Amino acid sequence: AIPLMEGIYTFSVEVMDALTNKLLSKSEQLPPVWLIVNDPPLLTLPGNLSTQKLQNPQNLLFQWMPRHRQANTVEYEFTLTELLMPANFQGNPQNLFLSQPPYYRAKTLNTTLLYGPTLPPLIPGRTYGFRVRAKAKQGFEDIGIFRNDGYSEIFIFQYGEKNRAPRIISAKWD
């Protein structure tokens, strides 16, 4: 099924007999309806292309802002992926996010997720990407009312500083 585009629609209803194909009622025009396609969530924390401080125990807050107007119940699917980049990588890290398996995935009704010490550990100096998908729910059924199938943009961050070799080494012989 192809979803309707955003805009104003007027629907009419007719009742027909399925066996005889005979019209049983006059065409009844319903009041106009404005259909809105909602934007996916807007990521806020951690910032895109940021470096996050190491914390012991691990506690990293992920946060996003909803941008829907028509949905009462929205479920969010959070996806975190470790981006395994070669040392001289020149491509788009968002393509790496899409091509690598998720490191962690969770569903929530909240607009925040605390990545705490009970979750898989983030490795210092490594690069990660995350995104959120919004799904409008009616009971147990998903309703497709979001642009980009509900997917936010992808944010990239580094967890802690990369390990560096010592810069100045001196030795003294007696």
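Note that the structure is a prediction, hence the values are computed from the model and not measured. Residues take their numbers from the sequence shown, with the count starting at 1.
For the pair F97/N92, no side-chain contact is recorded, criterion being any heavy-atom separation below 4.5 Å from C-beta on. Side-chain atoms of F155 and L45, non-hydrogen and from C-beta on, never get closer than 4.5 Å to each other. Here the side chains of Y115 and P120 are in contact, with some heavy-atom distance below 4.5 Å. F78 places none of its side-chain heavy atoms less than 4.5 Å from the side chain of T108. For the pair Y151/P40, no side-chain contact is recorded, criterion being any heavy-atom separation below 4.5 Å from C-beta on. A heavy-atom distance below 4.5 Å is not found between the side chains of Q52 and Y128. Annotation: side chain of Q58 is in contact with side chain of L122 (closest heavy-atom distance under 4.5 Å).
Linking ILVMFWY residues whenever their side-chain heavy atoms come closer than 4.5 Å, directly or via other members, leaves V37 and V33 in distinct clusters. Linking Ile, Leu, Val, Met, Phe, Trp and Tyr whenever their side-chain heavy atoms come within less than 4.5 Å puts Y104 and L54 in one cluster. Hydrophobic clustering of Ile, Leu, Val, Met, Phe, Trp and Tyr side chains at less than 4.5 Å, counting indirect connections, unites V13 with F11. Under a hydrophobic-cluster definition in which Ile, Leu, Val, Met, Phe, Trp and Tyr are linked whenever side-chain heavy atoms come within less than 4.5 Å, directly or via other members, F62 and L119 are assigned to the same cluster.
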*Start with the C-alpha distance between L60 and Q55, add both sets of side-chain angles, then the distance that settles side-chain contact (heavy atoms from CB on, under 4.5 Å), and finish with yes or no.*
CA-CA 8 Å; L60 185 57; Q55 296 180 8; 5.8 Å; no

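Counting only distance, with no hydrogens or angles, the side chain of N59 and the backbone of G116 share no donor-acceptor pair below 3.5 Å. Under a 3.5 Å cut-off, the side chain of R147 and the backbone N or O of D39 do not form any donor-acceptor pair. Using a distance-only test at 3.5 Å, with no hydrogens or angles considered, a donor-acceptor pair links the side chain of Y103 to the main chain of P121. A donor-acceptor pair under 3.5 Å is formed between the side chain of S25 and the backbone N or O of V15.
Atom CD of E28 has 12 or fewer neighbouring heavy atoms from other residues, nucleotides or ligands inside a 6.0 Å radius.
Between L83 and I156, the shortest heavy-atom contact is CD1-CD1, 3.5 Å.
Looking only at atom types and distance, the side chain of S27 has no donor-acceptor partner in the side chain of Q29 under 3.5 Å away.
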